[in-house]
Structure formats: C-alpha cells, structure tokens
2 protein chains.
Amino acid sequence: MAKRTGVDEFKLIGLLWRDSPVSPRSGISTQSVTTLAVDLADREGLDAVTIRRLAEEAGVTAMALYPHIGGRAELVELMLDHVAGVTYETVTIPEGADWRECVTAIAEANWASCQAHPWITDLATGRPVPGPGASTKYETELRALDGIGLTDIEMEHTLTALLSLVQGTARATRAAQDSRLPGEDHDTDWWSNIEPALTTAIGDQTRFPTASRVSRTLGEQTGKANDPEGAYRRGVGLILDGIAKRLGTPTSGNGR
Amino acid sequence: MAKRTGVDEFKLIGLLWRDSPVSPRSGISTQSVTTLAVDLADREGLDAVTIRRLAEEAGVTAMALYPHIGGRAELVELMLDHVAGVTYETVTIPEGADWRECVTAIAEANWASCQAHPWITDLATGRPVPGPGASTKYETELRALDGIGLTDIEMEHTLTALLSLVQGTARATRAAQDSRLPGEDHDTDWWSNIEPALTTAIGDQTRFPTASRVSRTLGEQTGKANDPEGAYRRGVGLILDGIAKRLGTPTSGNGR
DNA sequence: TCCTCGAAGTCTACGGTGTATAATACACTG
DNA sequence: CAGTGTATTATACACCGTAGACTTCGAGGA
C-alpha cells in the first residue's frame, strides 16, 4: 500500500492531463472519482479506498471505475496529483518577501497538506507524479527559491531535503495519532498503557540511561511521549540557518 | 503495507524481549523467523513477505508461524527492531570525536541501513518499536549527542529531524530505483521513456519554465532525473551548520 | 423514426491475502 | 508410562484487485 509500483505511466499521463469529461451514463468522471477517493482517504485512511468501496460511494459497480481511473495504482497517482495541486490554495507564498519567509511558507504549506491528508505520508516520494498538480507545485516552490543566490542544483537539493524533513516528521505525527486507542486524547495515554509492560520486560532499568532521561524530560516539558511537531519546527530552523550560512547573509536572531 | 496499524503491543513486547527459544518440533524460533523475513524483504521487498511464503521458506505451514510472530503486524515490528539492533554494527560512532563527526556518523549509519534494507523506508517512523534493538539504537544515538551543549529537548528534536531527513531522502532513492524498468541502468532511462508522452500531454511548453530549467541543469550535471542522495548530503550539511549556529561554535569550511 | 455499432458498464470468477477455528500430534512433567 | 498443554496442522472465510465475457446504452446515419 505504499510502494507506488505497477503504474502504467502512459495510461496515467493520459488520465492526468485530459479534461475529464463526465460520462453520460453514470455521471462519473476521473475528476469526480478522484475527489471522492481523496475524501474517503481523508476520512478513513488509504486502506479504506478499495475499488469496491469507492464504486459504492460513486453509485456504480466496481468495474465501472476502471475506464476512469486506470487501475488502483493509477488512482493513487491521481489522488496525489490532486492533493499536490491544491497545496498552495490554503497556504500561499508571500510575494517579494524575504527568502526566509518563502522557505518557511513552503514548509508550512506541505506540513498543512500532510495534516489534512495524512495518507499521503504513507506514499513514497521520489518519483514525481507526471501530472499538472504536482508540476505546478514544483514550479511554485522552485520559483520561490529562485534568485536568492543558490544555484539550480542547490535549489533542487535544498527543496528535496526540506520536503523530506516535512514529510518525515509529518509521518511521525501521524503514526503517533494512529497509535492512540479510540477515545484517547493524548499521546501519553498510549505510552502510559505500554510503559508498565515494557518496564517489566526490560528488567535491568539501568540499561538505557540517556534514553530514559531524555524521555522523562520530554514528557515533563511537552506532555508527549514523542514530539514530531517540535522536531519539524527545529528541523526547519536548522535548515534555515544552514541556508543563511551558505548565502553568507547575516543570520537572524540568536537561535533560541 | 505501510501504516503499522493493528499491532497488539502487549503480545509484541512479549515476543520482543523473550529469549526466543527454538521450538523442538519445527526447529523455528521468533529469532530465526524474523531473520528469514528480513532476508526475504531485503531480496524481494516487503510485499514478498507473506505468511505463506515465509512459512514455506521456514519449512512449516503458515499457521505454525503464529505462535512465534504473533501476526503479520507484529512480525513487521520484530523485523524493524532486528534491523535497528544491527544499525551500528557496520557504521560506528567514533569515540570522543568532534560532534560533527558523531552527527555525520548517525546520518551515515541510518542511510546505510536504509540502503541495505530498502523496505524499512516503506514503514512509518514515529511510534517507536518497544524492543531491545530500537531502544539500544536510540540510546546510542542520544549518547553521541549528549554533552555537546544541547538541552535534552533540543537533542531529541534534532535527532528526530535528522532521522526524518535521512529516511525521507532514502525513500526517494528507493522510489527512483524501483521505477527503473528491468534491465535499465540509469534513472534517466525511466525519465526518457516518459518524457515524450509528457511533453505532448502538457501542450504549452512555457507553463513550467523554472522547473524545466532546473530539471535540465540537474540532468546535465548529475545524469539523473532526480538526485535524492545529493539532497541527503546537502540536507545533512545544512543541519550541521544549523547546529553549529545554535552552539555558537565556529563553523567549519565555507559551506561550498 | 429506426437501426446499427462501438463503447461503457456489469457479472462472474480467479488467485491472492491474513487469520479464526477446530482437530491433531507431539514434547515435556509427574 | 499416562496425562496434559501447547505447537502444529487442515480447513474455511471474508476480503482484495482485476481479467474476461457478456449486456446495455447513446449517438450517428438512412
């Protein structure tokens, strides 16, 4: 459910770039099915998006979807492209602003997208989706980084690194949320459920002194068993300062 | 195949921390089955690790595995813990070295682990595996960061951010490799197969000028359609400089 | 208006998955 | 050596994606 394999790229490109006519008999279209699938995944996760279930929601039989979506592998790509296309509708990159604000906006937009559509963190990045949404997103992000003093290669690497960090920490957020049992409100509940059993199993309590100390401190100060969002913010901060050093511009603040 | 849901944590903890006796009738153990599963995943990917297939390799029936692995969800956790436990057997963190070398070694060890076991990048991080391997790894990494001038919280956030970056870019490497058709040697082959169809589909060639320029430059200079490894190296470099700024120590080199 | 014909939609079926359940056979303890 | 409990087995179920054959519909020409 995560590898994005088995995609027929040519079929996919056709589906991605055509203007998605609504089918007269059933009233569905590539566009409408994709939207339905994204909504379903947002609500119940990517695993809930089965062909049969999606067909049920669309009011058609399973096999009726195939002319519109290609196959399940292609459907996932369509969903990814759709989400990529709306990333900068909620969070926009300020025009003519400091490069710091632009980079931060890129991070925030992707972070928000990962929160709104947690299932995208299940899917591998790397191979780009050859569709209009992903292409527009890429263009937007590169344009924000263009002309601040980085070479093309540096821009590309920096952007990839930044997005990897965002996706990675967003994934961790998501995993922490998923592991909550129904009805639990805090991350600590999962941990406090596990902890007694774990303590018993470990036996020798002096085996992981540093980890114990750090976990305790983290729990006391943030109230969480782990804090991916904090890691995200710190990570972006570190990268910003790293870029500043490359650019040779004065760094902002004192880092605290 | 990516969400790590449905894990019975208590059953899992029992399996993770017991000393895995070999079963007299079948000759298998939690340990041996886990190793077998890791090898199989390394060779053929996580999807190849089905209960039936694994049972076949172990020389028993499918249902015979269950007392040793719990269920498939728990098996995956066992595999993750196993891999975590051997991360620092190949790449070690230098004793008493500069903090830069330590951080770099952490990144390299995790990068190498992701290369050796590509399937781990399919799986969500975040919720830690409550096992001896993962605990040891966490302890090792925190100890390397301890005492260089960061607070406990900063250490934790920095480590999480660093590992997210490594996993994220490693994933992208993996995705690029997977998308190669059989027999292809270079990333560019996949891209050059797609490109004509994509160019035709897009129509208006002036729509993504920055993306086109950057892609062209990247292709010319690296010979790749995308370069996650370069992004990894730059990302680690940026984070190192970011840490240096926080620490107030002189930065090394000029960043080029 | 009717007819034809190609495409869209449907039905059935296949091989795969994880694993619940119940029956069996074995290894260890007394 | 008998008893007991658990590892192991065989069977079965519900679900998955989708290939292939069949049916039905909508649009264009006479």
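Just the heavy atoms: all of them, side chains too, but no hydrogens, waters or symmetry mates, feed the values below.
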Tell me whether B:Glu74 contacts the main-chain N or O of B:Gly71 through its side chain, where contact means a donor paired with an acceptor under 3.5 Å. yes
Can you tell which of B:Ile51, B:Leu75, B:Leu36 makes a side chain to side chain contact (heavy atoms under 4.5 Å, CB included) with B:Leu65? B:Ile51
Starting at atom CZ of A:Arg72, determine the distance to atom C1' of C:dT17, rounded to an integer number of angstrom. 14 Å
5'-most contact on DNA chain D (nearest-nucleotide basis), B:Arg52 vs B:Ala64, goes to B:Ala64
Kindly say whether B:Leu165 contributes a backbone atom to a donor-acceptor pair with the side chain of B:Thr169 at under 3.5 angstrom? yes
Separation of D:dC15 atom C1' from A:Glu44 atom CD, nearest Å, is 16 Å
In whole angstrom, give the distance that lies between atom CG of A:Leu46 and atom C1' of D:dG17. 14 Å
Do side-chain atoms of A:Glu139 reach the backbone of B:Ala211 as a donor and acceptor pair under 3.5 angstrom? yes
Rounded to the nearest 0.5 Å, what separates atom CG in A:Leu159 from atom CD in A:Glu141? 5.0 Å
For a quick check, with a 4.0 angstrom heavy-atom cut-off, what is the B/S/- contact string for nucleotides 24-30 of chain C, read 5' to 3'? -BSS---
Which whole-number value in Å describes the distance from B:Asp47 CG to C:dG18 P? 10 Å
Once you round to the nearest 0.5 Å, how far does CD1 of B:Ile106 lie from CG of B:Leu163? 7.5 Å
Nearest-Å distance for atom pair CD1/C1', residues A:Ile51 and C:dA13: 17 Å
Quick one: does any side-chain atom of A:Glu229 pair with a main-chain N or O of A:Thr173 as donor and acceptor, under 3.5 Å? no
Would you say B:His68 reaches D:dT8's phosphate, i.e. side-chain N/O to OP1/OP2 under 4.0 Å? yes
If only side-chain N and O atoms of B:Thr50 are considered, is one of them under 4.0 Å from the OP1 or OP2 phosphate oxygen of C:dT17? yes
Report yes if at least one side-chain N or O of B:Ser23 is closer than 4.0 Å to OP1 or OP2 of D:dT8; otherwise report no. yes
Atom CD of A:Glu56 to atom C1' of D:dC15: distance rounded to whole Å? 14 Å
When you get a sec, tell me which of D:dA19, C:dT21, C:dG18 is the closest nucleotide to the side chain of A:Met63? D:dA19
Can you tell me how far P of C:dC11 sits from CG of A:Leu65, to the nearest Å? 14 Å
Closest nucleotide among D:dG17, C:dT10, C:dG18 to the A:Thr61 side chain: C:dT10
Between B:Tyr66 and D:dA7, is there a contact of a side-chain N or O with OP1 or OP2 at under 4.0 Å? no
Between C:dG16 atom C1' and B:Arg53 atom CZ, what is the distance in whole Å? 14 Å
